[in-house]
Amino acid sequence: MRIAAISDIHGNLPALDAVLADIAGHGCDLVVNLGDIVSGPLWPRETQQRLAPLALPTIAGNHERQLLGDPAGLGASDAHARHALDAAQLDWVRALPPL
């Protein structure tokens, strides 16, 4: 069985697309996502939209926990992602199992 792990995407949609294309070319049987998915200054909303339909086994990373924390205490990247995501996308993040 060939397993691929992705992590630390941080909202970088073009990089995610390149990695997913590479994984597809290697014929992996399973892809797992290890978190730190949308928090970043790039494309948090679009990154979540790309990943959600894939239904990959995914866990929440530290940035998912931070993203859902007190809005007043968020760093710039987490604050950007939280503002960019809609309620359904934030619910998707909330539903991720913890590390």
Side-chain angles (χ1 to χ4, degrees):
M1 175 181 248
R2 297 183 122 195
I3 300 172
I6 60 174
S7 69
D8 295 282
I9 300 161
H10 292 286
N12 189 339
L13 184 60
L16 172 62
D17 284 337
V19 168
L20 291 174
D22 187 60
I23 288 170
H26 288 284
C28 291
D29 302 299
L30 175 65
V31 181
V32 296
N33 182 348
L34 305 179
D36 289 354
I37 303 162
V38 295
S39 186
L42 302 171
W43 302 277
R45 174 184 288 268
E46 296 85 354
T47 299
Q48 190 277 339
Q49 290 170 335
R50 175 75 168 96
L51 282 172
L54 300 178
L56 303 176
T58 301
I59 59 173
N62 63 305
H63 280 276
E64 278 71 51
R65 290 188 302 278
Q66 292 169 13
L67 176 70
L68 299 172
D70 178 9
L74 296 179
S77 290
D78 294 318
H80 171 75
R82 183 160 177 158
H83 178 73
L85 298 175
D86 64 27
Q89 290 175 310
L90 287 170
D91 287 344
W92 180 84
V93 172
R94 269 186 207 91
L96 297 174
L99 179 65

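- Not a single side-chain hydrogen bond (donor to acceptor under 3.5 Å, both in side chains) links Asn33 to another residue, sequence neighbours left out.
- Between atom CG of residue Leu51 and atom CH2 of residue Trp92 there is a gap of 5.5 Å, rounded to the nearest 0.5 Å.
- Within the model, atoms CG of Leu13 and CG of Leu42 stand 9.5 Å from one another, a figure rounded to the nearest 0.5 Å.
- Of all the heavy atoms in Asp78 and Leu67, the pair that sits closest is O-CD1, 3.3 Å.
- Every residue meeting the side-chain contact (heavy atoms from CB on, under 4.5 Å) condition with Pro57, not counting sequence neighbours, appears here in chain and number order: Leu30, Val32.
- Among all heavy-atom pairs drawn from Ala81 and Gly40, the shortest one is CB-N, 4.3 Å.
- Of all non-hydrogen atoms in Ala84 and Arg45, the two that sit nearest each other are O-NH2, 2.9 Å.
- Not a single ring-ring contact (aromatic ring centres under 6.0 Å, His included) links His80 to another residue, sequence neighbours left out.
- Partners of Asp22 according to the salt bridge (Lys or Arg N to Asp or Glu O under 4.0 Å) rule, which considers only residues two or more places apart in sequence or in another chain, do not exist here.
- Using a 4.5 Å cut-off on side-chain heavy atoms (C-beta onward), Leu56 and Ile6 make contact.
- The only option from Asp36, Thr58, Ile59 that meets the side chain to side chain contact (heavy atoms under 4.5 Å, CB included) definition with Glu64 turns out to be Asp36.
- Between Gln89 and Val38, every side-chain heavy-atom pair lies at or beyond the 4.5 Å cut-off.
- Taking each heavy atom of Met1 and Asp29 in turn, the nearest pair found is CA-OD2, 3.2 Å.
- In terms of the salt bridge (Lys or Arg N to Asp or Glu O under 4.0 Å) criterion, residue partners of Asp91 (sequence neighbours excluded) are, by chain and number, Arg94.
- Scored by the salt bridge (Lys or Arg N to Asp or Glu O under 4.0 Å) test, Arg65 finds no partners at all (sequence neighbours excluded).
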